[in-house]
Amino acid sequence: MGSDLEKWQFVAAVIVGGLVVLGLVGFGWNRIAARRRSQYLIAAARVRSGYVPGGLPTVRGGPTGSTGMGELGPASAPQPLAANEGEFEEMVDEQPLIRIRYLDALSRKVSAELQVEHLDIHKRLVVGYCDHPGDTRRIPLRNIVGARIAETGQRFDVDTWVDAVRVARRRRGQG
């Protein structure tokens, strides 16, 4: 009879020990998730305040707030453009060339190089062409699986880009 009681005490101790370990793992998991969430919220607040993160394609813009390549060229242009830092500031590129993976109407993954023509923030659409200007595609943002900058191959966070474009348009008074 004593050995039967010892077996139950051992089983109960193992269960309690497992629950303690499970509780510690859950506590650690929640701490890591909270830290990541706060880092994401801080980064999003910086974008909303006008900061352009390093992973987004940029152009130089003047006081008029022009975007696109225009006469100023990309932000990675040679140094003569960088000499006028008082006049030009780095702005998010609203029409980047990106390598994009998205789900088409039949839920198949499609990979293409897209030259963005317009970002419709209200409808949450990216409008652009792939191979030639007649090949216009309208891609909902929710269907985008992944994106990279075409020139560098660097990862491209579409949600951060949309927020940065929204801020840039608001600063220019375009709503």
* To do: Enumerate the residue pairs fulfilling side-chain hydrogen bond (donor to acceptor under 3.5 Å, both in side chains) with a member in residues 96-115, sequence neighbours excluded, ordered by first and then second residue.
  => Tyr102-Arg137, Asp104-Arg108
* Which value, rounded to the nearest 0.5 Å, describes the distance between Ile149 atom CD1 and Leu97 atom CG? -> 10.0 Å
* Asked: Which pairs count as side-chain hydrogen bond (donor to acceptor under 3.5 Å, both in side chains) when at least one residue sits in residues 144-160, sequence neighbours excluded?
  -> Asp157-Thr160
* Structure fact -> CD (Glu94) and CD (Glu117) are apart, to the nearest 0.5 Å, by 13.5 Å
* Start with the C-alpha distance between Asp93 and Leu56, add both sets of side-chain angles, then the distance that settles side chain to side chain contact (heavy atoms under 4.5 Å, CB included), and finish with yes or no. => CA-CA 8 Å; Asp93 187 4; Leu56 297 180; over 6 Å; no
* Asked: side-chain contact (heavy atoms from CB on, under 4.5 Å) with Ile15: which residues, sequence neighbours excluded?
  -> Val11, Leu19
* Do Leu5 and Phe10 pass the side chain to side chain contact (heavy atoms under 4.5 Å, CB included) test, and can you show the C-alpha distance, the side-chain angles, and the key distance before you say yes or no? -> CA-CA 9 Å; Leu5 183 61; Phe10 177 73; over 6 Å; no
* Non-hydrogen side-chain atoms of Leu141 and Val126 separated by less than 4.5 Å -> yes
* Under the side-chain hydrogen bond (donor to acceptor under 3.5 Å, both in side chains) rule, what pairs show up with a residue in residues 18-45, not counting sequence neighbours? -> none
* To do: Report the hydrophobic cluster partners of Leu103, with the cluster defined as I, L, V, M, F, W, Y residues connected by side-chain heavy atoms closer than 4.5 angstrom, directly or transitively.
  => Val145
* With sequence neighbours excluded, residues passing side-chain hydrogen bond (donor to acceptor under 3.5 Å, both in side chains) with Asp163 -> Arg166
* Structure fact -> For Val47 and Val167, the nearest pair of non-hydrogen atoms, with its separation, is O-CG2, 3.5 Å
